[in-house]
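Structure provided below as structure tokens; questions to follow.
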Amino acid sequence: MKTFRLDNKVAIVTGGAGLFGKPISIALAEAGAIVIIASRDESKCKEYAEAIKSQNLKAEGMFLDLADEQSILEFTTRINDEYGKIDILVNNAVSREGFKDLEDISKNEWETAQTINSTGMMLLTQAVIKLMRKQRSGNIINIGSIQGTVGPNFPVYGNTGMTSPINYTYDKWAMVGFTKWIANYYGKFNIRANCISPGGYGPGVNEIIGNDEFVENYKRLTPLGRFAGDDDIKGPVIFLASDASAFVTGHNLLVDGGWTSW
Ligand SMILES: NC(=O)c1ccc[n+]([C@@H]2O[C@H](COP(=O)([O-])OP(=O)(O)OC[C@H]3O[C@@H](n4cnc5c(N)ncnc54)[C@H](OP(=O)(O)O)[C@@H]3O)[C@@H](O)[C@H]2O)c1
């Protein structure tokens, strides 16, 4: 079991105080890592870092705006100055600003989302990988989605008015290719890159019974019959972040209860 440990590894989780960010961050901390929880709402990140630290684990909350290149550079420099290395980067943050269907979206709305989800993610990965290359070790985990592995299933939304926006499919499919590019280029520098593509997750959503067309449809179309639970992302993250997966790179690990296996 020692290969699953992450003792004193420095791990960044973007959006680490968000919905999936919280279980990802605490899982890394439970495995022994020093977790840097980063997003625009610095107080939210610091608050969650304090909650982790209160369990005798290691974490720090920091400001990061993926829409701002300067912020990205200052952030990576600060971590390197403070800790002297970056071992793990989890690209988990997502902006849903300007998410729309194809005919409804404006150029500005498209570009707003891309600035964060595509350009910002690329710039942060670029800054981190420069350090990892010098270290000759590193591990990138990109949080994708089932929407980046199969096309959107529009009938699942029924008459709820919900949709799966074009931006999301575009970003999440790109993330898989981005992951494979990094894996193939940086393998020789002992840097691994993998994707985790989760299925739907939301607080309390598994407890909703009846009267919600989307929830019912989604559960029916998932072989395991439910949305992701609070802990479902933890094991896959630890596996990919640790030496337990030392020979795994360029992989897209589906954590979706079987949604994509039909
Ligand atoms: N929830 C699901 O059902 C689901 C399913 C499949 C995949 N996923 C994936 O899981 C990941 C997390 O999603 P989530 O549902 O947990 O979302 P969430 O709770 O909305 O979290 C998104 C995080 O991104 C951060 N963020 C947004 N814009 C940012 C920026 N400009 N700079 C830095 N951070 C920024 C937000 O923090 P601030 O507002 O403080 O910046 C927030 O913490 C995403 O990659 C998503 O695609 C989610």
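Counting starts at 1 for both ligands and their atoms, following the listed order.
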(message) Does anything in residues 70-96 form a ring-ring contact (aromatic ring centres under 6.0 Å, His included)? List the pairs, not counting sequence neighbours.
(response) none

(message) Below 4.0 Å from ligand 1: does a non-hydrogen atom of Q147 turn up there or not?
(response) no

(message) Please report whether ligand 1 has a polar contact with L19, defined as an N or O pair separated by less than 3.5 Å (distance criterion only).
(response) yes

(request) Would you mind checking which non-hydrogen protein atom is closest to atom 32 (N) of ligand 1, with the distance to 0.1 Å? (result) L66 N, 2.9 Å

(message) Distance check, rounded to the nearest 0.5 Å: I143 atom CD1 versus I196 atom CD1?
(response) 4.5 Å

(message) Could you check whether any heavy atom of I143 sits closer than 4.0 Å to an atom of ligand 1, since that is the contact criterion I want to use?
(response) yes

(request) State which residue, out of I141, N142, L253, N91, fulfils the side chain to side chain contact (heavy atoms under 4.5 Å, CB included) condition with C195. (result) N142

(request) Could you tell me whether a side-chain N or O of D243 sits under 3.5 Å from a main-chain N or O of A246, the two making a donor and an acceptor? (result) no

(request) Answer with yes or no after comparing the ring centroid distance for F227 and Y201 against a 6.0 Å cut-off, counting only values under it. (result) no

(request) Heavy-atom contacts with G15 under 4.0 Å: which atoms of ligand 1 show up? List them by number with element. (result) 23 (C), 24 (O), 25 (C), 43 (O)

(message) Suppose we measure from atom 4 (C) of ligand 1 to each protein heavy atom; which comes out shortest, and what is that distance?
(response) F20 CE1, 3.5 Å

(message) Once side chain to side chain contact (heavy atoms under 4.5 Å, CB included) is applied, do any residues pair with T149, and if so which ones, sequence neighbours excluded?
(response) S197, N252, L254, T260

(request) Ignoring hydrogens and angles, tell me if any N or O in the side chain of N194 forms a donor-acceptor pair with the backbone of L240 under 3.5 Å. (result) no

(request) Examine the side chains of Q114 and D171 and answer whether a donor and an acceptor come within less than 3.5 Å of each other. (result) yes

(request) Tell me which one of N92, N142, T115 gets a heavy atom nearest to atom 11 (C) of ligand 1. (result) N92

(request) Give the residue and atom name of whichever protein heavy atom lies nearest to atom 3 (O) of ligand 1, and the separation in Å to one decimal. (result) Y201 N, 2.7 Å

(message) To check your reading of the model: name the closest protein heavy atom to atom 33 (C) of ligand 1, its residue, and the distance in Å.
(response) L64 O, 3.2 Å

(message) Would G200 count as a contact residue for ligand 1, given that I'm defining contact as a non-hydrogen atom of the residue lying under 4.0 Å from a ligand atom?
(response) yes

(message) Looking at every heavy atom in both L64 and L124, which two are closest together, and how far apart are they?
(response) CD2-CD2, 4.2 Å

(message) Heavy-atom contact check, 4.0 Å cutoff: does F227 meet ligand 1?
(response) no

(request) Taking the six-membered ring of F189 (Phe, Tyr or Trp), confirm whether the NZ or CZ of R133 is under 6.0 Å from its centre and within 45° of its axis. (result) yes

(message) For a quick check under 3.5 Å, do S245 and R192 share a side-chain donor-acceptor pair by atom type?
(response) yes

(request) Tell me which protein heavy atom sits closest to atom 8 (N) of ligand 1, plus the residue, atom name and distance to 0.1 Å. (result) Y168 OH, 3.5 Å

(message) I'd like to check which ligand 1 atoms, numbered from 1 as shown, lie under 4.0 Å from a non-hydrogen atom of A93.
(response) 24 (O), 25 (C), 26 (N), 34 (N), 35 (C)

(request) Report the member of E97, R40, K44 with the shortest heavy-atom distance to atom 28 (N) of ligand 1. (result) R40

(request) Give a yes-or-no answer on whether the side chains of E109 and S106 include a donor-acceptor pair shorter than 3.5 Å. (result) yes

(request) For G144 and ligand 1, answer yes if some heavy atom of the residue is under 4.0 Å from a ligand atom, otherwise no. (result) yes

(message) Please determine whether any non-hydrogen atom of G199 lies less than 4.0 Å from an atom of ligand 1.
(response) yes

(message) Taking 4.0 angstrom as the limit and counting only heavy atoms of D65, give me the atoms of ligand 1 inside it, by number and element.
(response) 30 (C), 31 (N), 32 (N)

(message) Could you check whether any side-chain N or O of N184 sits under 3.5 Å from a backbone N or O of G250, counting only pairs where one atom can act as donor and the other as acceptor?
(response) no

(message) Out of all atoms in ligand 1, which are within 4.0 Å of some heavy atom of K172? Include the element for each.
(response) 44 (C), 45 (O), 46 (C), 47 (O)

(request) Among all protein heavy atoms, pick the one closest to atom 34 (N) of ligand 1 and tell me residue, atom and distance. (result) S39 CB, 3.6 Å

(message) When you compare ligand 1 with I116, is there at least one nitrogen or oxygen pair between them that comes in under 3.5 angstrom?
(response) no

(message) Among all the protein's non-hydrogen atoms, which is closest to atom 22 (C) of ligand 1, and how far away is it?
(response) V94 O, 3.6 Å

(message) Looking at ligand 1, is there an atom of it that comes within less than 4.0 Å of some heavy atom belonging to R96?
(response) yes

(request) Write out the residue and atom name of the closest protein heavy atom to atom 21 (O) of ligand 1, then the distance separating them to 0.1 Å. (result) G18 CA, 4.0 Å

(request) Say whether N8 and K58, considering side chains only, have a donor N or O and an acceptor N or O under 3.5 Å apart. (result) yes

(request) Below 4.0 angstrom from a heavy atom of D41, which ligand 1 atoms are there? Numbered from 1 as shown, please. (result) 40 (O)

